[in-house]
Each structure stands twice: as structure tokens, then as C-alpha cells.
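What follows is a set of notes on a single structure, which appears directly below.
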Amino acid sequence: MTRYGLLILPATNRVYARAAVDLTRAELEIFGRSALDGRIGELDTEVVGGASYITFTGDGLTERDLAVLGNLSAGYALFEIVGELLRPIEWSRLDRYDDDLLTIQKYPGKTNEQFTKLLLNVTLLASDWAAEMTSRRFRVLDPLCGRGTTLNQALMYGFDAAGIERDQKDVEAYRAFITTWLKQKRVKHRVLESGPVRRERKVVGRRVRIELAPTREEHKAGQTQLLDVVNADTARSAEFFRPETVDLVVADAPYGVQHGSRTAGQGLTRDPLALLADAAPVWARLLRPGGALGISWNTHVASRDDAAAALADAGLTVVDAEPYRALRHRVDQSITRDVLVARRQA
């Protein structure tokens, strides 16, 4: 049995950095259970040369296994432990674009990029297609997409990305960012739609749809990704996206501190449970059977049990395995963030 050491990526957010080791241990265990047939074991934490490593055993990890593990949200480098020595191991990542796609945007309330990646990972790993992480082009919907942090991570992985956001300023800011970034990076792309959506002569939302590919060759061969962002209320998602066309729904809910949750019935509220009651049934209908929904929220304004009940009422089955319960962590004195993942049964 080979023993490995995983070096943790330094986090720019010092609070998140303190939680990163425990979060990565939980994420690694989820990877092992869902995508690596349980061949990850004996997880521990060690400090070597002043740096924190997560150590684990792996039974015959293949090149494909290493390509999966390369996408750990806080994974920086992987080593085989040979006696007292660390032997570097080559691994690959899904990343298809320059990393400034994820890091260049700076604005108040932006979700930490490492956490966004973790949330997408653990949601994907709860779906029926966890073993296809490196080969399937997933379609990801962020129904509370803000300025596109989750959308950018989905694009980075080579997935199709869809989003819906009520705040027109956020949608316009994201449209301006992504179109400028694509031009500056000389990424082959084509704007398919940009402007108001009209039905029965009334404007019901605004939409931008962009087809893109990392290389001209892929674009010419039709190997493209689709970015589709709508400015409308999330409870109306089914008006813009067809049922059972989304593999993963991934959302970071408003924390109820600086930003509240908006619902059609109650307007602005600090309670994300009202948002889930209003919108989760709609999101569930968009999921393909076998798909998964992952949401993070502030436990100071809603308990885990109540949030889980809201997802169950929407017809979803909450994944309650132990590593999924270990993703709770402190963000600041007013926010303790937790993660719930639920599946739509096939």
C-alpha cells in the first residue's frame, strides 16, 4: 500500500486557511468514496518542514486516479512518501484556461475561489456521474450566480455553465468582465445572444449566451462550451431552462448579513429558508435524474436540519454521509458556513 502526502495550497483568506486542512480531508474522503472506489484510506495530518500535509494511503492509484485528485480544491502538490523522503508525483488538472479567470475579479461579497471549487467538486461527486469527472462535459447551473464565480469555475473545468441572477448590475458586471476577458485572452468565442428576452411583447428578463472553446481547433471541430446567463428571479428559472437538462445545481446562498435573500412572496428577507421553499422545487425540476444540488449558507440564520427539510420537500434526497457533515467552517464572526448536497434520484 503506497503512502502519499498532499501539500495544501496556501489560501489568501487567513480564516479560510485555518479551515483548509479539515475541509480538504473531508473533500479527499469524498473523492475516495465516490470516484476512486474507496481506495483512499488512513487519512492523517502531518507538518513537514513547517508545511501542512494531508497523508493518506492509496491502493494502486492510476494515471486516471491522479487526474481526478488533481482537482482537489486546495491541492497544491502530491508526493509519494518513501521513508523520510517525499517523491513528487505528476498529476493533471481539468483546468482549460488561465487561472486569472477565477482570481482577477475583486468585489465585496465575492466567494473564496477555493471554496467555490470545493462546493462544485462535492456536488459533482454526489451525482451518478462522479466516475466521469474527467471525461464528461457537465452542465452546471448556478441559480444565484451573482458576478459569476461558480460559472467561471465550471468554464475552467470545460463544462457548460448556466446562471440566473436577479440583480441586473451584477449580471451586467459579469457580462462586461467575461466578454473583455475572452477578447484579451484571445479565446475563440461567439456571442449568440445579448439583450432583453421578450414574451408576448413584454420584457421578462435579459440574457447573454456565449459559445467558446480554449483553442481555435476545438472551436472549428464543434468542441465548444456554452455560457448562458439570465437576469431574472431564480424562482422563474424554469421559464428559461428546460426541465431535466442540468447535471449539477450549485449555489452559494446569500448569508443574510450584508445581502439578504429575495423571494417573490416576501421580497428581501434574511432567511434563506424562504428562498429554498420558493425556489428549490424549481431547481429540482431542472436537474436530470441522477443529478445533484449543492448549496452553502450561513448557519446563523438557518439550521442544517431546516435547510435539509426544505430540500427534501423539493423532492431531493440529502446526502448525509460523514464527510459531507464535516464541511462546516467559520467565515467570520457573523458567518459560519455549511454545505448541503442532495440528489435527484434516477
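The environment of CZ in Arg199 is crowded: more than 12 heavy-atom neighbours from other residues, nucleotides or ligands sit within 6.0 Å.
In this structure, CD1 on Ile164 lies 8.5 Å from CZ on Arg207, to the nearest 0.5 angstrom. Separating the CD atom in Gln168 from the CZ atom in Arg175 is a distance of 10.5 Å, to the nearest 0.5 Å. For the atom pair NZ of Lys117 and CD of Gln153, the computed distance is 5.5 Å after rounding to the nearest 0.5 Å. Of the inter-residue distances, the one linking Arg304 atom CZ with Asp306 atom CG reads 12.0 Å to the nearest 0.5 angstrom. Within the model, atoms CZ of Arg137 and CD of Glu132 stand 14.0 Å from one another, a figure rounded to the nearest 0.5 Å. To the nearest 0.5 Å, the span separating CZ on Arg330 from OG1 on Thr299 amounts to 11.5 Å.
Between the side chains of Ser303 and Asp305, not a single donor N or O lies within less than 3.5 Å of an accepting N or O. Inspection of the Asp252 and Thr111 side chains reveals an N or O donor paired with an N or O acceptor under 3.5 Å. Under the 3.5 Å distance criterion, with hydrogens and angles disregarded, a donor-acceptor pair is assigned to the side chains of Thr149 and Tyr107. If you check the side chains of Glu27 and Asn121, you find a donor sitting under 3.5 Å from an acceptor. Looking at Trp181 and Asn152, their side chains never bring a donor and an acceptor atom within 3.5 Å of each other.
Using a 4.5 Å heavy-atom threshold, the side chains of Leu101 and Ile178 count as touching. Residues Leu66 and Ile89 are in side-chain contact: their nearest non-hydrogen atoms beyond the backbone lie under 4.5 Å apart. Using a 4.5 Å heavy-atom cutoff, the side chains of Arg209 and Val191 are not in contact. In this structure, the side chains of Trp297 and Asp338 come closer than 4.5 Å at one or more pairs of heavy atoms. Using a 4.5 Å heavy-atom threshold, the side chains of Arg190 and Ile210 count as separate. With a 4.5 Å cut-off on side-chain heavy atoms, Leu144 and Leu275 count as touching.
Legend: residues meeting side-chain hydrogen bond (donor to acceptor under 3.5 Å, both in side chains) with His329, ordered by chain and number and at least two apart, are Arg337. Not a single side-chain hydrogen bond (donor to acceptor under 3.5 Å, both in side chains) links Thr24 to another residue, sequence neighbours left out. With sequence neighbours left out, the side-chain hydrogen bond (donor to acceptor under 3.5 Å, both in side chains) criterion links Ser194 to no other residue. For Thr180, the side-chain hydrogen bond (donor to acceptor under 3.5 Å, both in side chains) test picks out no residue, with sequence neighbours left out. Contacts of Ala77 classified as side-chain contact (heavy atoms from CB on, under 4.5 Å), with partners at least two apart in sequence or in another chain: Leu7, Phe79. When the side-chain contact (heavy atoms from CB on, under 4.5 Å) test is applied to Arg216, the partners found at least two apart in sequence or on another chain are Lys188. Here Pro196 pairs with Arg198, Val203, Arg206 under the side-chain contact (heavy atoms from CB on, under 4.5 Å) rule; sequence neighbours left out.
The pair Lys169-Glu172 fails the salt-bridge criterion, with no side-chain N (NZ, NE, NH1 or NH2) lying under 4.0 Å from an Asp/Glu carboxylate O. The pair Glu29-Arg33 counts as a salt bridge, with a side-chain nitrogen and a carboxylate oxygen less than 4.0 angstrom apart. One finds a salt bridge joining Arg344 and Glu244 here, because a Lys/Arg side-chain nitrogen approaches an Asp/Glu carboxylate oxygen to under 4.0 Å.
Residue Ala213 comes nearest to Val187 through the heavy atom pair O-CG1, 3.3 Å, listed as atom of the first residue, atom of the second, then distance. Closest heavy-atom contact between Ala35 and Val68: CB-CG1, 4.1 Å. Annotation for Leu151 and Ala162: closest pair CD2-O, 3.2 Å, computed over non-hydrogen atoms. Across all non-hydrogen atoms, the minimal contact from Asp160 to Ala154 is O-CB, 4.5 Å. Shown here for Pro272 and Val301, the closest heavy-atom pair between the two residues is CD-CG2, 3.5 Å.
Counting only residues at least two apart or on different chains, no ring pair (Phe, Tyr, Trp, His ring centres under 6.0 Å) pair has a member in residues 220-248.
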Determine, step by step, whether Ser127 and Leu248 satisfy the side chain to side chain contact (heavy atoms under 4.5 Å, CB included) criterion, reporting the C-alpha distance in whole Å, the side-chain angles of both residues, the deciding distance to 0.1 Å, and the verdict.
-> CA-CA 8 Å; Ser127 75; Leu248 310 172; 4.0 Å; yes
Just do the side chain to side chain contact (heavy atoms under 4.5 Å, CB included) check on Arg343 and Asp128 with the steps written out, would you?
-> CA-CA 9 Å; Arg343 290 169 38 84; Asp128 275 1; 2.9 Å; yes
Start with the C-alpha distance between Leu293 and Ile295, add both sets of side-chain angles, then the distance that settles side chain to side chain contact (heavy atoms under 4.5 Å, CB included), and finish with yes or no.
-> CA-CA 7 Å; Leu293 178 150; Ile295 187 165; 4.2 Å; yes
Stepwise side chain to side chain contact (heavy atoms under 4.5 Å, CB included) check, Lys110 with Arg147 = CA-CA 8 Å; Lys110 181 185 178 184; Arg147 297 194 187 184; over 6 Å; no
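Remark: the backbone N or O of Ser334 is paired with a side-chain donor or acceptor of Asn298 at under 3.5 angstrom. Within the 3.5 Å criterion, the main-chain N or O of Asp167 finds a donor-acceptor partner in the side chain of Glu165. Although no hydrogens or angles enter the test, the distance criterion places a donor-acceptor pair under 3.5 Å between the side chain of Asp332 and the main chain of Ile335. At distances below 3.5 Å, at least one donor-acceptor pair connects side-chain atoms of Thr179 with backbone N or O atoms of Ala176.
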Quiz: residues 313-321 side-chain donor-acceptor pairs under 3.5 angstrom, not counting sequence neighbours:
residue	atom	partner	partner atom	Å
Thr317	OG1	Gln345	NE2	3.1
Asp320	OD1	Arg325	NH1	2.7
Asp320	OD2	Arg325	NH1	3.0

Distance-only check: which donor-acceptor pairs under 3.5 Å involve side-chain atoms of residues 280-292, not counting sequence neighbours?
residue	atom	partner	partner atom	Å
Trp283	NE1	Thr234	OG1	2.9
Arg288	NH1	Thr245	O	3.2
Arg288	NH1	Asp247	OD1	2.8
Arg288	NH1	Asp247	OD2	3.4
Arg288	NH2	Thr245	O	3.4

List the atom pairs, donor and acceptor, that lie under 3.5 Å between side-chain atoms in residues 37-60 and the rest of the protein, sequence neighbours left out.
residue	atom	partner	partner atom	Å
Arg39	NE	Leu36	O	3.2
Arg39	NH1	Asp59	O	3.3
Arg39	NH1	Asp65	OD2	2.9
Arg39	NH2	Asp65	OD1	3.2
Arg39	NH2	Asp65	OD2	3.0
Thr45	OG1	Arg25	NH1	3.2
Glu46	OE2	Arg3	NH2	2.3
Thr57	OG1	Gly41	O	3.0

Only pairs under 3.5 Å count here: list side-chain donor-acceptor contacts from residues 220-227, not counting sequence neighbours, and write none if there are none.
residue	atom	partner	partner atom	Å
Gln225	OE1	Tyr97	OH	2.7
Gln225	NE2	Leu155	O	3.1
Gln225	NE2	Phe159	O	2.8

